A.B. asks: 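Sharing a structure below in C-alpha cells format, with a few things to ask.
Since this is a predicted model, take the numbers as computed values, not measurements.
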Amino acid sequence: QVQLVESGGGLVQAGDSLRLSCAASSGRPFSSYVMGWFRQAPGKEREFVSAIDWIGRTTAYADSVKGRFTTSRDNAGNTVDLQMNSLKPEDTALYYCAARRGGSWAGFEQGLMYEFWGQGTQVTVSS
C-alpha cells in the first residue's frame, strides 16, 4: 500500500510554468514503484502525461507535452515531480500521481496498470 499526495497546482497564464510534486508514503521502498502522471479535463477521459522508472533513468511523455514537461524523482525523499513549462490552456486538468509495483516497464502509459492514485491537484491555464 502506498499513499500519494499531490501539490503544486494552481491558476496560471499561458506560457507560465508550474511544478507539481507528489509525496509518497509506503511500507515498501519508493524505488519499488514506477511512477506516472495522468490528467483528466472536464468531460474528457483520463490521459497519460508522463512516467518514470524505478531509479529515474528512463522517462516517457505523451506527445502533447513532450519538450515542455519533465518528470523526475527523489527516491531518498519519496517524491516525484512534474515540471511543466510553456503551459497552454489545453493543459488545464486535474493532475494525478500514480504508482505501480512490479518489475516491468511495459504498459507505463496505461492507467489501468497503476495500483495507487493520489487525489489530484488542479491546474488551470488561462489564455
A.B. asks: Output all residues satisfying side chain to side chain contact (heavy atoms under 4.5 Å, CB included) with T124, sequence neighbours left out; order by chain, then residue number.
C.D. replies: L11, T92, Q122
A.B. asks: Identify, with sequence neighbours excluded, every residue that meets salt bridge (Lys or Arg N to Asp or Glu O under 4.0 Å) alongside E90.
C.D. replies: none
A.B. asks: Could you give the side-chain donor-acceptor pairs of residues 15-25 under 3.5 Å, partners two or more places apart or in another chain?
C.D. replies:
unit_1: D16; atom_1: OD2; unit_2: Q13; atom_2: N; d: 3.1
unit_1: S17; atom_1: OG; unit_2: N85; atom_2: OD1; d: 2.9
unit_1: R19; atom_1: NE; unit_2: D81; atom_2: OD2; d: 3.2
unit_1: R19; atom_1: NH1; unit_2: Q83; atom_2: OE1; d: 2.9
unit_1: R19; atom_1: NH2; unit_2: D81; atom_2: OD2; d: 3.2
unit_1: S21; atom_1: OG; unit_2: D81; atom_2: OD1; d: 2.9
unit_1: S25; atom_1: OG; unit_2: Q3; atom_2: OE1; d: 3.3

A.B. asks: What heavy-atom pair brings F30 and N78 nearest, and what distance separates the two atoms?
C.D. replies: CB-OD1, 3.2 Å
A.B. asks: Any chain of hydrophobic side-chain contacts (each under 4.5 Å) joining L94 to F116?
C.D. replies: no
A.B. asks: Under the criterion side-chain contact (heavy atoms from CB on, under 4.5 Å), I'd like the reasoning laid out for V65 against S50: C-alpha separation, chi angles, the key distance, then a yes or no.
C.D. replies: CA-CA 8 Å; V65 307; S50 69; 5.6 Å; no
A.B. asks: Is there a donor-acceptor pair under 3.5 Å between the side chain of Y61 and the backbone N or O of T71?
C.D. replies: yes
A.B. asks: For residues 52-60, which side-chain donor-acceptor pairs fall under 3.5 Å, sequence neighbours excluded?
C.D. replies:
unit_1: D53; atom_1: OD1; unit_2: I55; atom_2: N; d: 3.3
unit_1: D53; atom_1: OD1; unit_2: G56; atom_2: N; d: 2.7
unit_1: D53; atom_1: OD1; unit_2: R57; atom_2: N; d: 2.8
unit_1: D53; atom_1: OD1; unit_2: T58; atom_2: N; d: 3.3
unit_1: D53; atom_1: OD2; unit_2: T58; atom_2: N; d: 3.2
unit_1: D53; atom_1: OD2; unit_2: T58; atom_2: OG1; d: 3.4
unit_1: W54; atom_1: NE1; unit_2: G102; atom_2: O; d: 3.0

A.B. asks: Roughly how far, to the nearest 0.5 Å, is the OG1 atom of T70 from the CE atom of M84?
C.D. replies: 11.0 Å
A.B. asks: Q40: what forms a side chain to side chain contact (heavy atoms under 4.5 Å, CB included) with it, not counting sequence neighbours?
C.D. replies: R46, Y96
A.B. asks: Taking side chain to side chain contact (heavy atoms under 4.5 Å, CB included) as the test, write out the residues that go with P29, two or more places apart.
C.D. replies: S31, S32
A.B. asks: Report the distance from atom CZ of F69 to atom OG of S64, rounding to the nearest 0.5 Å.
C.D. replies: 7.5 Å
A.B. asks: Heavy atoms only: give me the nearest W105-V34 pair and the separation to one decimal.
C.D. replies: CZ3-CG1, 3.7 Å
A.B. asks: Measure the spacing between CD of E109 and OH of Y114 and express it to the nearest 0.5 Å.
C.D. replies: 8.0 Å
A.B. asks: Excluding sequence neighbours, so at least two apart, what forms side-chain hydrogen bond (donor to acceptor under 3.5 Å, both in side chains) with S26?
C.D. replies: Y33
A.B. asks: On a heavy-atom basis, which atom in E6 and which in C97 lie closest, and how many Å separate them?
C.D. replies: OE2-N, 2.8 Å
A.B. asks: Residues two or more places apart in sequence or in another chain: which of them pass salt bridge (Lys or Arg N to Asp or Glu O under 4.0 Å) with K66?
C.D. replies: D63
A.B. asks: For E115, give me all partners under side-chain hydrogen bond (donor to acceptor under 3.5 Å, both in side chains), at least two apart in sequence or on another chain.
C.D. replies: R101
A.B. asks: Locate the shortest heavy-atom distance separating S127 from A14; write the atom from each residue and the value.
C.D. replies: CA-CB, 4.4 Å
A.B. asks: Can you list everything that forms a ring pair (Phe, Tyr, Trp, His ring centres under 6.0 Å) with F48? Sequence neighbours excluded, please.
C.D. replies: F38, F108
A.B. asks: For R39, enumerate each residue passing the salt bridge (Lys or Arg N to Asp or Glu O under 4.0 Å) test, keeping only those at least two apart in sequence or located in another chain.
C.D. replies: E47, D91
A.B. asks: Does anything in residues 20-33 form a salt bridge (charged side-chain N to carboxylate O under 4.0 Å, His left out)? List the pairs, not counting sequence neighbours.
C.D. replies: none
A.B. asks: Spell out, yes or no, whether W37 and W117 are grouped together once hydrophobic residues are joined by side-chain heavy atoms under 4.5 Å, including indirect joins.
C.D. replies: no
A.B. asks: Which heavy atom of A99 sits nearest a heavy atom of V2, and at what distance?
C.D. replies: CB-CG1, 4.1 Å
